[in-house]
Amino acid sequence: MKLTAEEIGENWDMFLSYINKYISSPRKEKLLDFYKKFEERLILMPASYKKEYHNAFPGGYIDHVNRVIECCLKVNDVWVEMGVDTSTYSIEELVFSAINHDLGKMGDENHDSYITQDDNWRRDKLGEEYKFNEKVPFASVPDRGLFLLQAHGVQYSFNEMITIQTHDGLYDDANKKYFMSYSPGQKPRTSLPFIVHQGDLMAARIEFEVEWLPKLRGEVPKKDNFKVKLTDKKIKDKALGSIKSNGLNDLLQKL
Ligand SMILES: [Fe+2]
C-alpha cells in the first residue's frame with residue numbers, strides 16, 4: 001500500500017483533530033506540543049518494519065492510529081449497548097489510550113526505532129522494508145510510549161496506563177497477569193483494556209485484509225477500502241490546520 005503526500009497530510013490533520021476534540025485542557029495542549037515536536041518523524045513513520053505485518057509503509061503509523069481510534073469508538077458503542085459499566089472509564093481515557101497505544105514504536109527522543117533497510121537480501125527475501133535502529137535501547141512498545149509521555153509532562157490516568165500497557169492483549173505474554181487471573185480482586189476494575197485491545201485488533205486485521213487478501217487472490221488491492229471511516233464526519237472541520245513546516249512539505253513532495 002502506498003499513500004500519497006496529500007493522504008499523509010490529511011491523516012496527520014485528522015490525527016491532531018482527535019486530540020483537539022477528545023482531550024481536555026490543559027493536557028490537550030501538552031499532548032499537541034508533544035506531537036508537534038515530533039511531527040516530522042511521526043508523520044512518515046511505518047506501523048511495522050516488515051511488509052507482511054500491518055501498514056509497513058510511509059505514513060502507515062498515523063494511518064493505523066487513526067483507524068484504531070475509530071475502531072475503539074465503534075467497539076465501545078457495542079460494549080455500551082451490551083451493558084458495560086461506563087462509570088469505570090471515560091471517553092477521553094478511551095481515545096487517549098488509542099492515540100498513544102503504539103507511541104513506543106517511535107523510538108527515543110533522538111532516534112527512530114525503524115530505519116530504512118540497507119540489506120537488499122533481507123528486504124527482498126524477508127520483506128523487511130525497515131530494520132530496528134540499534135541506537136535505541138530496548139524497551140517494550142508500551143513501556144517506551146509511557147516513558148515518552150511522562151518525559152514530556154503528559155500525565156495519564158491509572159486506567160490509561162493499564163490500557164496502553166496491555167493493548168496487545170494475550171498476544172503479549174507479559175499481559176497474562178492482567179488477563180488470566182482467576183481472582184476477582186486481580187482482574188482489571190474497568191473494561192477499557194479489553195475495548196482498546198479489540199479496537200487495535202480490528203484495525204490491524206482490516207489493514208491485513210485490505211492489503212493482503214486481494215494479493216493472495218491475485219488481485220490488486222483497492223485503496224478506497226483503506227480510507228479510515230470517520231465516526232464524526234465533522235471532525236476534520238476541527239483540524240488545527242495543515243502542515244506548516246517547509247522541510248516536511250518538501251519531504252512529502254518527494255514521496
Ligand atoms: Fe496498534
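Worth saying up front: this structure is predicted, and the values here are computed from it rather than measured. All ligand and atom numbering here is 1-based and tracks the order in the structure.
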J.: Can you confirm whether the side chains of His152 and Glu109 place a donor and an acceptor under 3.5 Å from each other?
T.: yes

J.: Parallel, tilted or perpendicular for Phe132 and Tyr114, by the 30°/60° rule?
T.: tilted

J.: Parallel, tilted or perpendicular for Tyr156 and Phe96, by the 30°/60° rule?
T.: tilted

J.: Indicate yes or no for a side-chain donor-acceptor contact from Thr163 to the backbone of Glu160 under 3.5 Å, with no hydrogens or angles considered.
T.: no

J.: Arg189 side chain to Thr88 main-chain N or O, any donor-acceptor pair under 3.5 Å?
T.: no

J.: Quick one: does any side-chain atom of Arg41 pair with a main-chain N or O of His111 as donor and acceptor, under 3.5 Å?
T.: yes

J.: Count, excluding waters, the protein N, O or S atoms that are closer to the Fe ion (ligand 1) than 2.8 Å.
T.: 4

